[in-house]
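Predicted, not measured: the structure shown is a model, and the values here were computed from it. One is the number of the first residue; the rest follow in order along the sequence.
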Amino acid sequence: MANRVIAADGRRHVFESFYSLIALVFILIACVELCDASTVVDVYRLIQYDISGAPFGSRLASLNHHAASSRSAPGSDLSRTVAVLSLRELNETFIREYIEEGKPLGGLLLLLPQVFRFDSSPAFVDNCDYMDMKKQLVYLEQKLIHSTIQYPVYFAFEDEDLAEVLADIQRNDAAGQPATATTGGYKLIVTSASPKKLAAPTITNIQGWLPGLKADGDSNQLPTIAIVASYDTFGAAPALSVGSDSSGSGVVALLEIARLFSILYSNPNTRGRYNILFGLTSGGPYNYNGTQKWLRSFDQRLRESIDYAICLNSLSSGENGLWLHVSKPPENAYVKQIFEGLSNVAEELGVKVGLKHKKINVSNSRVAWEHEQFSRLRVTAATLSGLSVAPNLLESTGGISDKSEFVDETAVVQGVKLVAESLARHIYGQEGKNINIFADNSSLAVSPSYIGSWLDLLSRTPRVAPFLSKDSPLITALKKELADHVVEVNLQHDVIDGMFTFYDSTVNTLQIYQVASVTFDLLLLLVLGSYLITLFSFLVITTRGVDDLISLFRRPPSRKAKAA
């Protein structure tokens, strides 16, 4: 009886050793797949939106495919592959086949140079190289924004880890060894739920008011001049679109003009006999939808009191000066007055100002410039911009390449001087006179440091409506800043026109794994299995003998044999 107990204990110990070794095998195999993460990076998804039900942008967010590069063999099937490409490697053929024509692709990861990060300031930038890359990026963004793409598209910024991964992928592709389940390579994984529609996307307009001074006994309403700028942006990646020039420069100019006139209007002796209305509008990229809703909220009396409105847009874009865009003919008295006032000051500043007349089509709801929303309500208005040609829908609206390092702050300062001086001469009846109300080194001088600090803040804040909530820190900061200079500041919340639909999932985490081939895994499993069988046999023989080892693999007798 004691011998049987000892034998049973020995066999139990042998089996426990065997089970422990089997568990070790599974742990080792799991480590082959789970412990080979090469890098983890933040990635920014291409925007997904609809216009009147028509889909645009990337329609998927999750990713789980092997990686390939631009050096893949021509004609390769990349329908289950993520193409990892640097901006420098993009070519017209790839853009045409995989973006415009919709050739099947598992996914696309676009690597951008660090110079395009909005949260970093490169110490040195080769301007020639940058301008070439900027043109390529602007072109690429427009293609991505206006295409319907049935695979995930992500942006990431180049770093040492990604450079090493891309170099390995390129070497393998150049050697004719693309990554597959059988050959191994790199695998890219983004775990994300299906993108959902944003419910009731909101826009927020910010309005400020500087009341003019009425003469004693004057009961008539004072005339009003409006200064307007749209503050939100639009780009291929909502989380990266800061729009330093468009529309950051216009917002900064409006704030500085409000600061300057608040000094004049704080003293009754220098307060003008004009009200000045300041409007920071949202929904600019979406047909200036916020401007339209803001204007329609005015009562008839206020709307009729507006002599004219000046909209500020992309003040740093003009290589040959600025352009005044109008809807009414140049012969119109108000248009003539605005242009002549700007031209006189521009001549003194050494700045060129041109005039562009474009009639609006009342039967078409599409507007090219912000002032056209005023013109539709029969309010005289003009847009001052560095752009000489009206942009198309969702074009020149502050994409990834629109960064502060490449905005000419001097041009923005000159734009502020131009508008503020011409406006002051009109308010105080000094048109045509060579005076300088906002003279340098005076208490009314334009402040480059103020402009630079606000431009820096806006250049670090993505503000794509409707991903910018109505209680966001930026809107709070803009309201507070405007309230420091003017009175009666208020917010107007509204919903974006129903023709636009937006989807979430704009930022995700990308995991990159370097996986071994199936052949390697099978060979490893075979070696481990052989080793464990040998070790198990050795343990049984040394503890129980050869007979016990054989009995373990001997077929047990059937029930009939036991009964007999």
Side-chain angles (χ1 to χ4, degrees), residues 38 41 43-50 54-112 136-137 139-158 162 165-174 176-195 235-238 240 400 503 505-515:
S38 174
V41 296
V43 289
Y44 308 91
R45 192 168 78 98
L46 172 64
I47 193 166
Q48 178 180 352
Y49 68 103
D50 303 336
F56 294 95
S58 176
R59 313 308 293 181
L60 296 174
S62 61
L63 197 65
N64 191 346
H65 292 298
H66 286 84
S69 71
S70 61
R71 300 181 185 178
S72 301
S76 300
D77 181 11
L78 302 180
S79 59
R80 296 186 61 81
T81 303
V82 180
V84 182
L85 302 177
S86 169
L87 178 65
R88 301 179 181 90
E89 297 178 318
L90 277 175
N91 55 62
E92 183 66 31
T93 301
F94 183 91
I95 293 175
R96 184 183 66 254
E97 291 182 354
Y98 290 96
I99 295 177
E100 294 180 351
E101 298 177 1
K103 192 174 178 180
L105 189 64
L108 178 60
L109 176 63
L110 293 164
L111 304 182
L112 304 176
Q136 177 76 340
L137 183 54
Y139 173 75
L140 173 64
E141 279 197 85
Q142 287 301 303
K143 293 296 182 183
L144 290 170
I145 286 171
H146 293 99
S147 299
T148 305
I149 302 175
Q150 302 297 343
Y151 51 81
V153 178
Y154 283 99
F155 296 90
F157 291 100
E158 296 173 345
L162 286 175
V165 169
L166 181 58
D168 284 347
I169 295 171
Q170 290 175 335
R171 278 194 295 269
N172 293 336
D173 289 345
Q177 298 176 343
T180 63
T182 56
T183 62
Y186 286 92
K187 197 166 191 179
L188 276 58
I189 299 176
V190 173
T191 304
S192 175
S194 298
L240 300 178
I400 301 173
Y503 296 77
S505 187
T506 60
V507 181
N508 280 304
T509 300
L510 170 68
Q511 295 177 311
I512 304 177
Y513 294 92
Q514 188 173 15
V515 294

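Rounding to the nearest 0.5 Å gives a distance of 9.5 Å between CD of Gln170 and CG of Asp168. Here the CD1 atom belonging to Ile149 is positioned 11.0 Å from the CD atom belonging to Gln48, to the nearest 0.5 angstrom. The CD1 atom of Ile512 sits 5.0 Å away from the CG atom of Leu162 when rounded to the nearest 0.5 Å. Atoms CG and NE2, from Leu78 and His65 in turn, are 11.0 Å apart once rounded to the nearest 0.5 Å. Atoms OH and CG, from Tyr139 and Leu144 in turn, are 10.5 Å apart once rounded to the nearest 0.5 Å. Taken from CD in Glu97 to CD1 in Ile95, the straight-line distance is 11.5 Å, to the nearest 0.5 Å.
Annotation: side chain of Leu111 is not in contact with side chain of Phe157 (no heavy-atom distance under 4.5 Å). Between Ile169 and Ser69 there is a side-chain heavy-atom pair separated by less than 4.5 Å. In this structure, Leu108 and Tyr151 have side chains that are in contact, with non-hydrogen atoms separated by less than 4.5 Å. Ser79 is not listed as a side-chain neighbour of Lys103, based on a closest heavy-atom distance of 4.5 Å or more. Contact of the Ile189 side chain with the Tyr513 side chain is registered, since non-hydrogen atoms from C-beta on lie closer than 4.5 Å. Contact check for Lys187 versus Asn64: side-chain heavy atoms found under the 4.5 Å cut-off. Using a 4.5 Å heavy-atom cutoff, the side chains of Leu110 and Leu90 are in contact. Inter-residue side-chain proximity for Leu63 and Leu109 is flagged as unmet; no heavy-atom pair is nearer than 4.5 Å.
Ring geometry, Phe56 versus Tyr49: the interplanar angle falls under 30°, so the pair is classed parallel (tilted spans 30 to 60°).
Taking all atoms of both residues into account, the shortest heavy-atom contact from Ile145 to Gly235 is CD1-C, 4.0 Å. Listed here is the closest heavy atom pair of Gln136 and Leu87: CG-CD1, 3.8 Å. Here the shortest heavy-atom pairing between Thr81 and Ala67 reads CG2-C, 3.9 Å. Nearest heavy atom pair, residue Leu46 against residue Ser58, reads CD2-N, 3.6 Å. Residues Pro104 and Tyr98 approach most closely at O-CE2, 3.5 Å, considering heavy atoms. When all heavy atoms of Val84 and Glu89 are compared, the pair lying nearest together is O-OE1, 4.5 Å.
For the salt bridge (Lys or Arg N to Asp or Glu O under 4.0 Å) condition, no pair includes a residue of residues 145-156, sequence neighbours left out. The list of salt bridge (Lys or Arg N to Asp or Glu O under 4.0 Å) pairs with a residue in residues 59-83, not counting sequence neighbours, reads Asp50-Arg59.
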Practice problem: With side-chain hydrogen bond (donor to acceptor under 3.5 Å, both in side chains) as the test, would you mind laying out the steps for Ser62 and Ser192 before giving the verdict? | Solution: CA-CA 5 Å; Ser62 61; Ser192 175; over 6 Å; no
Quiz item: Between Leu240 and Phe155, does a side chain to side chain contact (heavy atoms under 4.5 Å, CB included) hold up when you go through it step by step?
Solution: CA-CA 9 Å; Leu240 300 178; Phe155 296 90; 4.3 Å; yes
Exercise. Just do the side chain to side chain contact (heavy atoms under 4.5 Å, CB included) check on Arg88 and Glu158 with the steps written out, would you?
Key: CA-CA 11 Å; Arg88 301 179 181 90; Glu158 296 173 345; 2.8 Å; yes
Quiz item: side chain to side chain contact (heavy atoms under 4.5 Å, CB included) between Glu141 and Ile400: does it pass, once the steps are laid out?
Solution: CA-CA 8 Å; Glu141 279 197 85; Ile400 301 173; 3.7 Å; yes
Practice problem: Quick one: do His66 and Val515 satisfy side chain to side chain contact (heavy atoms under 4.5 Å, CB included)? Show the steps, please. | Solution: CA-CA 9 Å; His66 286 84; Val515 294; 3.8 Å; yes
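Under the 3.5 Å distance criterion, the side-chain polar atoms of Tyr154 are matched with a main-chain donor or acceptor of Ala61.
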